[in-house]
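To start, the structure itself, in structure tokens.
Values reported hereafter were calculated over all heavy atoms of this structure, with side chains retained and with hydrogens, waters and symmetry mates removed. Naming: A, B, ... by sequence-line order, numbering from 1 per chain. Remember, predicted model here, so these are calculated numbers, not experimental data.
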Amino acid sequence: MALGESLPLHLEILIVLIKIAIVLGVFLFHAAYTVYAERKILGRMQARLGPREVGPYGLLQPIADLVKLLFKEDIVPAEAHKTLFKIAPLLVLTFAIVNLSVIPFHPSFIIADVNLGVLLILAFAGLGTYGIILAGYSSGSKYSLLGGLRSASQILSYEIPLSLSLAGVILYAESFHLRDIVEVQVNSLFGINVFPQILGFIVFLICAFAETNRAPFDLPEAESELVAGYITEYSGFRMGLFFLGEYISMYVMALLISICYFGGWAFPWWLANALPFLKAIPPTLVLALKVYFFIFLFIWVRATFPRYRFDQLMSMSWKILIPLSLINFLIVALIKWLGV
Amino acid sequence: MVGPDSYVPSAYLPVLIMLIVALLFGLGGLIFGALVRPKAYYSLKLLPYECGNEPSGLPWQRITIRYFPIAILFAVFDVEIGLLYIWCVGFSQLSVIGFWIMIVFLLIILIGFVYDMKRGLLDWQRVL
Amino acid sequence: MIERAISLLIISSLFFFFLLLTYYFRHFIYQFLSILVLMVLQGVLFLYLNAEFLAAVQIIVYVGAILIMFLFSLFLFPEEELKGIKTDVSRISYKTFIPIGLLVLLLVISLYRAVPENYSKQEFLSDIKVIGNFLFNEYWFLIYLLAFILSLPMVALYIFFRREDASRNN
Amino acid sequence: MRRNPYYLLFRDLLGGLLITLKTLFRKPVTVEYPRERVKVYPSFRGRHALVRDPETGDARCVACLKCVQVCPSRCIDVKYEIDEKTGARIMTQYNIEALRCIYCGYCEEVCPVGAIVLTEYFEYSVRTREEAFFDKEKLLKNWDEFIAKYTEKVYTNKFWNLKGIPDVLKPAPKRKQLEVPVKRG
């Protein structure tokens with residue numbers, strides 16, 4: 001399926017641009033209101049109220065935050081590497097957003113219909129790590145350097161169990177395309193990938209928390225020891241770009257979990273057979289509900305668990321998660337090999 | 001099928017467009033911000049944060065070597081994952097030896113990994 | 001095919017531009033960044049050869065892993081030390097080339113067979129499934145070799161670190 | 001390290017998640033201050049004031065200097081003259097540095113005539129240090145401001161140790177006489 005075959009190239013590009021505008025608009029809106037929802041839910045989980053001054057129930061809070069960030073002074077420390085310091089947040093945000101282009105939101109709605117969906121996401125995750133390392137390196141502050149290094153090595157260690165547990169999913173579908181993954185798992189024995197691969201799901205979930213630098217693995221932003229890690233020196237809209245990148249990668253991870261392990265936009269066949277009215281729900285809404293649940297889980301876990309220590313974090317990744325994901329992978333390989 | 005000498009990867013064009021749009025979005029926000037935000041710098045503001053003290057020395061000192069084995073192990077496992085993914089995709093046409101070579105491959109990698117683990121290379125606090 | 005020519009021209013000129021930048025910059029982090037861009041561009045060039053899996057692996061392995069290893073090893077030195085480093089050709093002895101030569105020899109031995117008849121050349125280049133079957137069914141010995149090559153640095157790592165630690169304590 | 005095998009069921013983690021989920025549906029404990037108010041209890045210690053005697057229209061202070069002696073942070077400063085006819089002390093200046101005050105309430109407790117009081121008024125904030133320095137006029141004005149909003153007819157403070165105040169109104173440690181054992185022989 002090459003572009004420019006059925007339609008002229010400029011029309012195709014226009015369609016792609018419209019698709020990107022829709023996706024970007026929806027996700028920026030969601031990212032902004034996830035910040036609001038997070039503050040509200042965190043507040044209620046600690047028996048507080050959360051934001052409620054700006055607008056009814058504080059609903060205009062994200063807009064107020066945006067305006068505040070835009071009008072804040074942008075400080076570049078005197079000793080920083082100026083160019084790198086300015087590029088780094090853009091790198092983080094860009095490679096977080098690009099991940100959205102290979103994720104199908106509907107059986108027929110995907111921006112870039114390429115075969116290597118999962119691999120591209122892994123590649124962009126690797127590139128996004130540079131944004132964090134460079135932000136830490138270029139700030140010219142000791143906290144930033146340490147935070148950047150820690151964050152980079154954390155992301156590196158958690159990418160291995162993440163990709164190993166994804167290997168089980170890919171093996172099951174024998175394809176890198178996320179649409180194929182959904183279609184294969186809907187027609188499989190259990191209808192969703194969680195049941196043969198419960199280990200892989202748990203590993204993936206833990207790694208998703210660590211990859212997005214969220215609590216309980218928010219080491220780079222550990223206020224108690226590293227001030228704010230690699231974003232110590234950032235202020236104003238540049239800091240906002242980091243946050244936007246974090247929230248969008250949170251959505252990417254939630255989308256990946258719900259597509260790879262929970263059947264994406266489809267219900268498993270046994271549930272759809274038992275309750276036929278479920279087929280009337282539009283596919284995107286089903287996906288969105290699953291994603292919202294995982295976003296809620298991200299916030300819920302942040303409200304509940306204390307932060308890990310750095311050496312605990314590393315040894316957990318290498319000593320527990322990698323063997324677990326390998327076991328999961330071998331189980332899937334055996335299931336496939338024996339043709340169960 | 002188009003040969004390699006006349007192939008245009010047009011399926012990846014949307015990814016490129018997405019990349020450019022995302023970059024433009026970030027840049028646009030920064031440029032708009034640069035127009036409206038105040039610029040009142042003085043030297044005290046531009047100091048790096050060090051809990052209120054005067055910063056002592058440059059931050060680019062020698063870092064601990066403990067970060068380095070993680071990078072090496074990551075590189076090793078990344079190559080392994082690359083191979084694993086090819087194996088996964090072509091699974092249904094694999095021969096018997098094709099299936100078992102991957103298990104052997106994983107086992108050999110794991111031997112090195114377990115050796116490192118037992119020697120305490122991954123324990124952050126242990127002196128080797 | 002004019003768009004292919006134009007885009008290849010752009011990519012290759014960018015390639016040379018960043019190649020020059022690696023010589024132009026004096027600070028190691030900027031040199032490193034230009035190498036990073038070179039690696040990404042190499043991935044894009046692989047895309048133009050219809051080798052999309054190779055492009056993805058290029059970016060994941062080289063950009064995502066090996067260059068980060070480089071970066072961490074650069075961080076091990078303080079900035080002042082790196083400025084004084086000069087190349088010393090006389091330190092390179094012929095012994096360095098023995099393992100490299102051995103590796104090349106092994107590769108040649110294992111690759112002595114050409115691509116078997118039953119794989120069509122077009123598919124072999126682009127289809128991942130065909131590559132996978134080819135690698136694991138026909139060239140399994142290479143994978144076996146690679147496993148040893150990969151587990152070697154992990155064992156060597158400990159020996160290297162122990163020596164480093166001992167020298168620091170003294 | 002040997003652990004309870006139930007550890008593998010993540011019971012503690014799931015229990016923690018359950019606690020936060022329960023709290024999500026609880027009523028928040030936050031008091032939105034300018035709109036809602038916390039109830040002020042009678043023994044609250046707030047802004048300082050000198051009680052204005054309704055008969056003489058002046059402060060009731062007799063300049064005994066007990067409050068100056070007892071104040072732990074030494075923020076009270078009293079100056080007095082001696083009336084040559086009667087020999088009685090007349091208070092001329094009464095200064096409190098409110099920024100140094102620790103609101104212990106000793107001055108109220110020790111005052112034999114109930115002249116100084118820490119009122120139940122707490123919403124005072126100042127922009128300069130000078131405004132937090134209360135002299136006699138300021139303290140009397142504080143009393144007037146406080147008593148104007150006070151609805152009941154008689155005011156009594158729980159820390160005043162006057163004769164005739166029933167024991168119920170006094171703070172708890174004063175009601176129970178603490179018995180201190182003395183070593184004999």
Side-chain angles (χ1 to χ4, degrees), chain A residues 1-4 13 16-17 20 24 70-75 77-79 89-90 93-94 97-98 100-102 111-114 119-120 139-145 149 153 156-157 159-160 163-164 167 170-171 174-176 227 232-233 236-238 241 310-311 314-315 318-319 326 336-337, chain B residues 2 8 10-15 17-19 21-23 25-27 29-30 32-34 36-41 43 45-51 55 58-61 63 66-67 70-71 73-74 77-78 81 84-85 87-92 99 102-103 106 110 113 117 122-125:
Chain A
M1 265 293 282
L3 289 180
I13 289 177
V16 167
L17 276 177
I20 287 174
L24 213 55
L70 271 178
F71 281 85
K72 271 217 154 181
E73 202 170 351
D74 182 38
I75 287 171
E79 279 170 9
L90 279 177
L93 178 73
T94 309
I97 289 181
V98 170
L100 294 172
S101 65
V102 291
I111 292 173
D113 199 356
V114 293
L119 274 186
L120 275 188
S139 289
S141 158
K142 282 157 202 158
Y143 292 113
S144 297
L145 185 66
L149 275 172
S153 44
L156 292 186
S157 345
E159 215 161 286
I160 295 164
S163 12
L164 276 177
I170 291 166
L171 178 59
E174 293 192 29
S175 166
F176 292 121
V227 193
T232 306
E233 296 297 333
F237 199 67
R238 278 182 218 283
L241 290 186
F310 188 65
D311 58 313
M314 296 315 258
S315 59
W318 291 100
K319 292 180 184 168
L326 271 176
K336 281 282 273 193
W337 185 246
Chain B
V2 192
V8 182
S10 52
Y12 289 87
L13 188 65
V15 182
I17 297 175
M18 189 80 171
L19 200 78
V21 169
L23 208 62
F25 169 74
L27 271 180
L30 283 177
F32 178 73
V36 292
R37 66 187 165 222
K39 294 175 193 69
Y41 305 123
S43 58
K45 238 182 205 177
L46 300 180
L47 279 182
Y49 179 78
E50 212 146 289
C51 301
L58 287 174
W60 298 291
Q61 307 286 333
I63 60 160
R66 293 292 186 155
Y67 291 107
I70 286 161
L73 285 178
F74 176 68
F77 272 89
D78 228 16
I81 284 162
L84 203 65
Y85 276 7
W87 187 78
C88 290
V89 169
F91 187 84
S92 48
F99 177 77
M102 197 68 219
I103 310 292
L106 285 179
L110 274 184
F113 179 63
M117 218 161 83
L122 298 166
D123 299 335
W124 208 259
Q125 297 155 327

Turns out that what part of A/Ser153 lies under 4.5 Å from chain B's heavy atoms comes down to both
- prompt: Does any non-hydrogen side-chain atom of B/Phe113 lie less than 4.5 Å from one of A/Trp318?
  reply: yes
Test side-chain contact (heavy atoms from CB on, under 4.5 Å) on B/Val21 and A/Leu17 and set out the steps.
CA-CA 9 Å; B/Val21 169; A/Leu17 276 177; 4.1 Å; yes
Looking only at A/Met314, A/Glu159, A/Lys319, most heavy-atom pairs under 4.5 Å shared with chain B are made by A/Lys319
Taken to the nearest 0.5 Å, the spacing of A/Leu326 CG from B/Leu110 CG works out to 5.5 Å
Cut-off 4.5 Å, heavy atoms of chain A, and the answer for B/Leu73 is both
Honestly, the part of A/Leu145 sitting under 4.5 Å from a heavy atom of chain B is side chain
Q: Quick one: do A/Ile111 and B/Ile17 satisfy side-chain contact (heavy atoms from CB on, under 4.5 Å)? Show the steps, please.
A: CA-CA 10 Å; A/Ile111 292 173; B/Ile17 297 175; over 6 Å; no
Under 4.5 Å to a heavy atom of chain B? For A/Leu24 that would be side chain
A/Asp74 backbone acceptor or donor facing B/Tyr41 side chain under 3.5 Å: yes
Scanning both residues in full, the closest heavy-atom pair of A/Ser101 with B/Val15 reads OG-CG2, 4.0 Å
Note: vs chain B, highest number of non-hydrogen pairs under 4.5 angstrom among A/Thr232, A/Leu100, A/Leu90 is A/Leu90
If one checks every heavy atom of B/Ala34 against chain A at 4.5 Å, the contacting part turns out to be neither
Smallest heavy-atom separation, A/Ile20 atom then B/Pro14 atom, equals CD1-O, 4.3 Å
Pair count under 4.5 Å, heavy atoms only, with chain A: among B/Leu23, B/Ile103, B/Leu30, highest is B/Leu30
Whatever's closer than 4.5 Å to a heavy atom in chain B on A/Phe71 counts as both
So, the part of A/Lys72 with a heavy atom under 4.5 Å from chain B: the answer is backbone
CG of A/Asp113 to OH of B/Tyr12, rounded to nearest 0.5 Å, is 10.5 Å
Between B/Leu84 and A/Ala167 the two heavy atoms that sit nearest each other are CD2-CB, 4.0 Å
Looking only at heavy atoms, the pair that brings A/Glu73 and B/Lys39 closest together is OE2-C, 4.0 Å
For B/Phe74 and A/Leu156, the nearest pair of non-hydrogen atoms, with its separation, is CD1-O, 3.2 Å
When every non-hydrogen atom of A/Ser163 is compared with those of B/Ile81, the smallest separation belongs to OG-CD1, 3.5 Å
CD1 (A/Ile170) and CH2 (B/Trp87) are apart, to the nearest 0.5 Å, by 12.5 Å
Assert top hit (heavy-atom pairs under 4.5 Å, partner chain B, pool A/Leu149, A/Leu120, A/Leu119) equals A/Leu149
